[in-house]
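Below: one structure, written as C-alpha cells.
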Amino acid sequence: MTAAAPIPDSTLAREARSQADEPQSLVMRFSGDEPLMMDCGTALAPWQLAYQTYGTLDAQRSNAVLVCHALTGDQHAANVHPVTGKPGWWSSFVGPGRPIDTERFFVICANVIGGCMGSTGPASTNPATGAPWGLDFPLVTIRDMVRAQAMLVEKLGIDDLFCVVGGSMGGMQVLEWAALYPQRVFAAMPIAASARHSAQNIAFHEVGRQAVMADPDWRGGRYLEEGARPRKGLAVARMGAHVTYLSESALHRKFGRRLQERDAPTFSFDADFQIESYLRYQGITFVERFDANSYLYVTRAMDYFDVADAHGGKLADAFRGTRTRFCVMSFTSDWLFPTEESRAVVRALNAAGASVSFVEIESDKGHDAFLLDEPDMFAAAKGFVDGAAAARGIPG
Amino acid sequence: MTAHLPPPNPPPPHLPPPLGPADTAARPRKDHLLLAGMVAPGARVLDVGCGDGSLLALLRDRNGVDGRGIEIARDNVAACLAKGLSVIQGDADTDLADYPDDAFDYVVLSQTIQATRHPREVLEHMLRIGNRAIVSFPNFGHWRVRVDIGLRGRMPVNETMPYTWFDTPNIHFCTIRDFVGLCELVGARMEKAWALDGRGEPVRLPLPWWAWNLLGEQGVFLLSRT
C-alpha cells in the first residue's frame with residue numbers, strides 16, 4: 001500500500017504556517033546570549049515571543065496587565081485574528097470598558113513558548129538546521145512559558161505587573177506567575193484552572209496526542225519537511241477535546257438529538273446528527289490554524305503542571321508570604337477543571353494567609369464558559385480589578 | 001451550674017467618628033457600628049457570613065482593617081467583590097477548618113450562628129482561627145418572641161426574624177442565656193457583652209441577666225480563648 005499523496009495546504013493553512021517564524025503581530029527577539037533556561041535543562045537561544053499590546057503604559061509603569069492564553073489560544077486576545085478574521089478570543093473580556101479595560105490598563109498577551117503563532121515552538125525554524133524544529137524542540141513546561149513571559153515583560157521595561165489573568169491553561173500560568181515571581185504580581189486572577197493537571201485531564205490529552213501520532217501523515221513529527229499534515233489525527237484530537245470543554249446540558253440544549261439537514265437517519269456513518277456535524281466542523285477548522293506538534297507540546301506542558309511539586313508537595317508553601325491579591329473563579333458545569341480544583345487553590349491560599357476571593361459562577365456552558373459572555377464572571381472580575389486598582393492607586 | 005452574664009458594659013470604647021457627608025446615603029447599620037467599635041484599627045478580621053460585605057467595607061473604611069469574608073450566597077459574593085473586598089464563596093460549617101490557627105485578630109459572626117448546622121464547631125473554629133471572636137445573634141428569649149409563642153402560639157416573624165418557619169435559613173435559634181451556656185461549654189471567655197434593643201442600641205440600664213434576655217432583641221459578645 002502506498003501512502004496517498006499529501007493534500008495541498010489551503011490558503012488559510014499556508015497563512016497560519018507562515019505565522020510560525022514571521023507573525024503578524026509584535027515580536028520580541030532574544031539573542032544567543034539571552035537564552036531561555038528551560039525545565040528540561042535546555043538553554044534555548046535564540047528564541048522569540050510573539051505578542052500583542054492594547055492600551056497605554058502609564059508613566060509609573062504600574063498599569064500593566066498580562067493576559068495568558070489557553071491551550072489553543074494565541075496573542076490575538078482582543079484584535080481581529082490575522083489568519084481566521086474572527087474577533088480576538090477574549091475580546092468580550094479585554095477591551096474598552098471591559099473588565100480588563102484597555103482604556104485604563106496596558107494589556108500584554110503573548111503566544112506561549114511552544115506555540116505556533118510566532119513564538120518559538122516545534123513549527124518554528126531551527127536555526128541549527130534551517131528546517132522546522134519538529135520533535136527536536138525541547139519539551140516545554142508551564143513554568144517555561146512563565147519564564148519566557150517574564151523576560152518579555154522585563155524587556156518591555158516593566159518591573160511588576162498590576163495583574164496576571166487567564167483561564168484554563170492561562171490560569172495555570174497565572175498560578176505559576178504568583179508562585180515564581182510573587183514580588184512582580186500585584187493581583188492574580190486564575191479562572192477555570194487548577195494547581196495541577198488531574199489524571200482525567202492527562203488521560204484526555206493522551207487520547208488526543210495518540211490520535212495525532214496515529215495519523216500516517218504525522219510522519220514521526222516531520223510532516224512539515226515532508227509536505228504532509230496530520231489533518232485527520234489533529235481533527236479527531238480536537239473533536240474529543242472539544243467535548244470536554246462543553247457540558248452535557250449545554251450539548252443537549254444546543255443540539256439535542258436533532259438531525260443535520262435531513263428528515264431521517266441515513267443508515268450510514270454520515271454526520272446525521274447536528275452534534276456530529278458540529279464536531280467535524282470544529283475539527284476541520286482547527287487543523288487549518290494550528291500546528292499538530294504544537295498541540296502535542298502544549299498539552300504535555302499542561303500534563304506536567306503541578307505547582308506544589310517544587311514545594312515538597314505542599315501547595316500552600318508555593319504561596320507562603322505572598323502579598324499578591326488573588327481572585328479565583330470556577331464554573332458550576334465545568335467538569336474538566338471542576339470547582340473542587342479551584343477550592344483546593346483557595347484552601348492553600350488561605351492556609352498561606354493570602355488575600356483571596358473566590359466565586360463559583362453559575363453557568364451550564366462547561367469549561368468554555370470563561371471564553372463566553374458570562375455577566376456574573378464579568379461583574380466579579382470587574383469588582384476585583386477595580387478594587388485592586390484602587391489599592392494600587394491606578395486612577396479609575 | 002448557673003449561667004451568668006458579665007455586668008452590662010458602657011457604650012463601646014472606640015466608636016467610629018460620625019458620618020461624613022459623603023456616606024450618609026448608605027448609613028451603616030447600628031449593630032455594624034457597634035461591632036466596628038470593638039475592632040482595633042488595622043486589625044486582621046475574618047467576617048464569617050459576611051453578606052453583601054457592608055460590615056467589611058465599614059471596617060476597611062473606618063478602621064483601616066485588612067478584612068476577609070466567607071459568604072455562602074453567590075450574588076452576595078459578587079457584591080463583595082464589586083466593593084473590592086476579599087471574599088470567598090463558602091460555608092461556615094465546612095470551610096473554617098481550612099484556616100490556620102491565629103490567622104486573624106478577630107473573627108466575626110454577625111447574625112449568622114443561628115443559620116449554621118453546627119454552631120458549637122463554628123464557634124470553636126472561630127476561637128482557634130482568631131485571637132478574639134465577635135458573635136451577634138437575634139435573641140430568641142426576647143419578650144416579643146415569648147409573646148408570639150407563649151400567648152399567640154405562633155413562631156415569631158418580625159424585622160430581626162423575617163422568615164416564616166417553613167422557609168427560614170435559621171435552624172439553630174438560641175437565647176442570650178443559651179449562648180452564654182455555649183460559651184462556657186467551649187471554654188470561651190466573655191470579655192464584653194451587650195444586649196441591643198429594637199433600635200440596635202445597647203441596653204444601658206444596669207439590669208440582671210434575665211432582664212437582658214427579656215429586653216434584648218440581639219445579643220453581641222466579644223469572646224476570647226481562656
Side-chain angles (χ1 to χ4, degrees), chain A residues 99 186-189 191 314-317 319-332 339-340 342-363 374-394 396, chain B residues 22 42-54 56-61 64-107 125-126 128-131:
Chain A
F186 187 81
M189 199 170 3
I191 305 172
K314 237 184 136 194
L315 186 56
D317 285 352
F319 305 111
R320 196 76 61 194
T322 185
R323 296 180 60 80
T324 303
R325 305 161 152 247
F326 291 83
C327 178
V328 180
M329 280 193 254
S330 68
F331 297 91
T332 48
T339 290
E340 196 39 50
S342 286
R343 280 206 179 277
V345 172
V346 171
R347 269 197 294 275
L349 288 168
N350 268 334
S355 165
V356 53
S357 292
F358 165 69
V359 60
E360 183 190 38
I361 306 292
E362 178 100 51
S363 165
E374 290 285 351
D376 288 351
M377 175 183 92
F378 291 178
K382 188 166 164 34
F384 172 71
V385 167
D386 288 352
R392 182 139 159 133
I394 299 172
Chain B
R44 297 163 303 157
V45 176
L46 175 66
D47 185 356
V48 182
C50 62
D52 67 0
S54 47
L56 278 173
L58 181 75
L59 289 171
R60 176 190 60 192
D61 299 341
V65 151
D66 176 16
R68 310 282 162 78
I70 301 179
E71 168 59 32
I72 201 162
R74 189 173 291 122
D75 51 344
N76 274 338
V77 177
C80 290
L81 288 183
K83 292 186 174 88
L85 300 165
S86 290
V87 172
I88 286 165
Q89 188 185 334
D91 186 340
D93 275 306
T94 53
D95 295 351
L96 289 178
D98 300 334
Y99 289 82
D101 297 354
D102 298 311
F104 294 92
D105 297 311
Y106 301 87
V107 181
H125 274 306
M126 290 174 70
R128 175 184 66 77
I129 297 164
N131 297 323

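Below, chains carry the letters A, B, ... as their sequence lines are ordered, and counting in each starts from 1. Note that the coordinates shown come from a computational prediction; the quantities given were computed from them, not determined experimentally. Keep in mind that the numbers below use all heavy atoms, side chains included, and drop hydrogens, waters and symmetry copies.
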Q. Which one, B:Arg44, B:Arg74, B:Glu71, leads in non-hydrogen pairs under 4.5 Å with chain A?
A. B:Arg74

Q) When heavy-atom pairs shorter than 4.5 Å are enumerated against chain A, which of B:Asp75, B:Asp66, B:Val77, B:Val87 gives the highest number? A) B:Val87

**Q.** Residues of residues 348-356 of chain A near chain B, each having a heavy atom less than 4.5 Å away
**A.** A:Asn350, A:Ala351, A:Gly353, A:Ala354, A:Ser355, A:Val356

(Q) So which residue, A:Ala379, A:Ala380, A:Ser357, A:Gly383, ends up with the most heavy-atom pairs under 4.5 Å with chain B? (A) A:Ser357

Q: Let me know if B:Leu85 has heavy atoms under 4.5 Å from chain A in its side chain, its backbone, both or neither.
A: backbone

Q.
Just to be sure I understand the criterion: a residue of residues 91-99 of chain B counts if one of its heavy atoms is under 4.5 Å from a heavy atom of chain A. Which ones qualify?
A. B:Asp95, B:Asp98, B:Tyr99

Q.
How long is the straight-line distance from CZ of A:Phe358 back to CG of B:Leu81, given to the nearest 0.5 Å?
A. 11.0 Å

Q) Just how far is it from atom CD of B:Gln89 to atom OG1 of A:Thr339, taken to the nearest 0.5 Å? A) 8.0 Å

(Q) At a 4.5 Å cut-off on heavy atoms, which part of A:Ser342 comes close to chain B: side chain, backbone, both, or neither? (A) neither

